[in-house]
Number of protein chains: 2
Amino acid sequence: MLQLKDLPDSKILSKFAKRYPDADIERVIQFLTLLRVGSDLSSVLDNFLDSYGLLQGRWWVLILLMREQDLMSTPSSLAEKAGVSRATMTGLIDGLVKEALVIRVTGVDDRRKFHIKLTASGQSKLDEVMPEYYRRVGDLMSVLSNEQGGLLTSMLTKLQNNSGVFK
Amino acid sequence: MLQLKDLPDSKILSKFAKRYPDADIERVIQFLTLLRVGSDLSSVLDNFLDSYGLLQGRWWVLILLMREQDLMSTPSSLAEKAGVSRATMTGLIDGLVKEALVIRVTGVDDRRKFHIKLTASGQSKLDEVMPEYYRRVGDLMSVLSNEQGGLLTSMLTKLQNNSGVFK
DNA sequence: GCATTATAGTTAGCCGCCTAACTAATTGTC
DNA sequence: GACAATTAGTTAGGCGGCTAACTATAATGC
């Protein structure tokens, strides 16, 4: 995604302000900062996962499987929970199967379905990645107090609930 | 990007907490919420721009050009300011040229360079999009008070400055 | 002043995501 | 019980990013 590296200076802002007088510059900066930081942190996470041979999509599938009692789920359900299309999930699972981190088990009850199951290797991979992931998330977020962190989440949730104004 | 639709419930969390006792769940939820809201708002912005026949990348190029005194810049400079590769910028400019929103002007001083210039159509397109964009950003952010908005930005900036811990 | 190095831009090919169209299996309806 | 509608998963093709390799021009250094 676009990195939005370059927020405008005051001279540029006044040019825009003249042409578009209704703009509330403070709000725009807040909005762009949110997009930029979200995007930057996402790519930082990608880099981290890449050093374990994973990417966000595949990693998230492993986590979703670990959440299940029997370590199994179906492609459709995984797609919905991960927020990607079924077609994309097919690709993610293909990759994970190739690396033997999950297996496809043909369904007995409904032969349209597969069950995707986390393998021992898949669990090992998570056991390798997750402690380090949690440690780093902890480090990252430690610049905010617990109270600030809670406030951040509540503000973000408010914004998300209000995102309909853009549609 | 991954939508992370599904944050875990307490039963699942306790399973993860047992296996990965060092995890600070609150912080993880804050982190994931930030990624998710950033990603959601970005796709909401994409949808908005799409209704004007634009996408984030191309729209951002137009804005960067409008910032310039003479409405001109070079592909390299645009790429750097937009935070994309030069190769990507070539594609963005190709698209904008095709729609006559910008033109390529061959450089006289340095014949390796092009100058990319915003056309009258390009300016019109911005004049069409930007007021509505500003209005909606204002609406979106209005759920936060001015004070909260400032706090949000300062927290996000802190996190961004601390993102090195993940590398 | 010629060879080396650096810079600007494009092209080629990869990746992850998407939608639309397709196959196979199940469910529902008369 | 046959046929229509629905559902699960895959495949095909498109799009916007990326890196690496390439061409053309400019700058540097002996």
Side-chain angles (χ1 to χ4, degrees), chain A residues 1-5 35-36 38-40 42-47 49-50 53-61 72-99 102-117, chain B residues 1-5 35 39-40 42-47 49-50 53-61 72-99 102-117:
Chain A
M1 197 218 308
L2 203 57
Q3 303 273 338
L4 306 166
K5 286 245 157 70
L35 290 190
R36 180 170 61 174
S39 152
D40 283 358
S42 177
S43 80
V44 159
L45 175 60
D46 270 332
N47 288 339
L49 292 173
D50 187 50
L54 285 171
L55 289 168
Q56 269 189 63
R58 293 187 190 176
W59 172 67
W60 200 245
V61 172
M72 291 210 287
S73 186
T74 62
S76 298
S77 164
L78 291 169
E80 204 214 341
K81 287 176 182 163
V84 299
S85 67
R86 295 198 315 272
T88 297
M89 188 50 65
T90 296
L92 293 176
I93 291 169
D94 282 348
L96 289 168
V97 166
K98 209 167 283 174
E99 297 172 48
V102 307
I103 51 172
R104 279 192 176 90
V105 181
T106 317
V108 284
D109 49 330
D110 184 336
R111 297 198 317 188
R112 287 171 306 181
K113 291 186 183 175
F114 283 109
H115 296 288
I116 307 302
K117 180 162 188 182
Chain B
M1 197 221 306
L2 202 56
Q3 303 273 340
L4 307 166
K5 286 243 157 71
L35 289 190
S39 153
D40 283 358
S42 176
S43 80
V44 159
L45 175 60
D46 271 331
N47 288 340
L49 292 173
D50 187 50
L54 285 171
L55 290 168
Q56 269 189 61
R58 292 186 190 176
W59 171 69
W60 200 244
V61 172
M72 290 210 288
S73 186
T74 61
S76 297
S77 164
L78 291 169
E80 203 213 342
K81 286 176 182 163
V84 300
S85 67
R86 297 198 314 273
T88 297
M89 187 51 64
T90 295
L92 293 175
I93 291 169
D94 282 347
L96 289 167
V97 166
K98 210 168 282 175
E99 296 170 50
V102 307
I103 51 172
R104 278 193 177 91
V105 182
T106 316
V108 285
D109 49 330
D110 184 336
R111 297 198 317 188
R112 288 171 305 183
K113 291 186 183 176
F114 283 110
H115 296 286
I116 307 301
K117 180 163 188 181

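Atom OG of S76(A) is separated from atom NZ of K81(A) by 11.5 Å, given to the nearest 0.5 angstrom. In this structure, CG in L45(A) is found 10.0 Å from CG in L55(A), a value given to the nearest 0.5 Å.
Residues I116(B) and T74(B) approach most closely at CG1-C, 4.5 Å, considering heavy atoms. Taking both residues in full, the closest heavy atoms of Q56(A) and S42(A) are given as NE2-OG, 2.9 Å, listed atom of the first, atom of the second, then distance.
The interatomic distance linking R111(B) (CZ) with dA6(C) (C1') rounds to 18 Å, in whole Å. Counting to the nearest Å, the P atom of dC17(C) and the CG atom of L78(A) are 14 Å from each other. Rounded to an integer number of Å, the gap from CG of L54(B) to P of dG16(D) is 12 Å. To the nearest angstrom, P of dC15(D) lies 13 Å from CG of D50(B). In this structure, the CG atom of L92(B) is 14 Å from the P atom of dC15(D), given to the nearest Å. Distance CG (L55(A)) to C1' (dC15(C)): 9 Å, rounded to an integer number of Å. When rounded to the nearest whole Å, the span between CG of D46(B) and C1' of dG16(D) equals 10 Å. The distance from atom CZ of R58(B) to atom C1' of dG16(D) is 10 Å, rounded to the nearest whole Å.
Residues W60(B) and V84(B) have side chains not in contact (no heavy-atom distance under 4.5 Å, counting atoms from C-beta outward).
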Donor-acceptor contacts under 3.5 Å from residues 87-98 of chain B side chains, at least two apart:
residue	atom	partner	partner atom	Å
T88(B)	OG1	S85(B)	OG	3.0
T90(B)	OG1	R86(B)	O	3.2
D94(B)	OD1	R104(B)	NH1	3.3
D94(B)	OD1	R104(B)	NH2	2.8

Evaluate the criterion side chain to side chain contact (heavy atoms under 4.5 Å, CB included) for residue pair T106(A) and F114(A); output intermediate values, then yes/no.
CA-CA 5 Å; T106(A) 317; F114(A) 283 109; 4.1 Å; yes

Under the side chain to side chain contact (heavy atoms under 4.5 Å, CB included) criterion, do H115(B) and S73(B) qualify, and how do the steps go?
CA-CA 5 Å; H115(B) 296 286; S73(B) 186; over 6 Å; no

Sort me out a list of protein N/O and nucleotides 7-10 of chain C N/O pairs below 3.5 Å, or just none if empty.
residue	atom	partner	partner atom	Å
dT7(C)	O2	R112(B)	NH1	2.8
dG9(C)	OP1	F114(B)	N	3.1
dG9(C)	OP1	F114(B)	O	3.4
dG9(C)	OP2	S76(B)	N	2.8
dG9(C)	OP2	S76(B)	OG	2.4
dG9(C)	N7	R86(B)	NE	3.2
dG9(C)	N7	R86(B)	NH2	3.1
dG9(C)	O6	R86(B)	NH2	3.3
dT10(C)	OP1	R104(B)	NE	3.1
dT10(C)	OP1	R104(B)	NH2	3.1
dT10(C)	OP2	T90(B)	OG1	2.8

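Between its two ends, the helix from dG1(C)-dC30(D) to dC30(C)-dG1(D) turns its axis by 0°, counting five pairs per end and rounding to 10 degrees.
Distances shown here put a side-chain N or O of S85(A) below 4.0 Å from the OP1 or OP2 atom of dC18(C).
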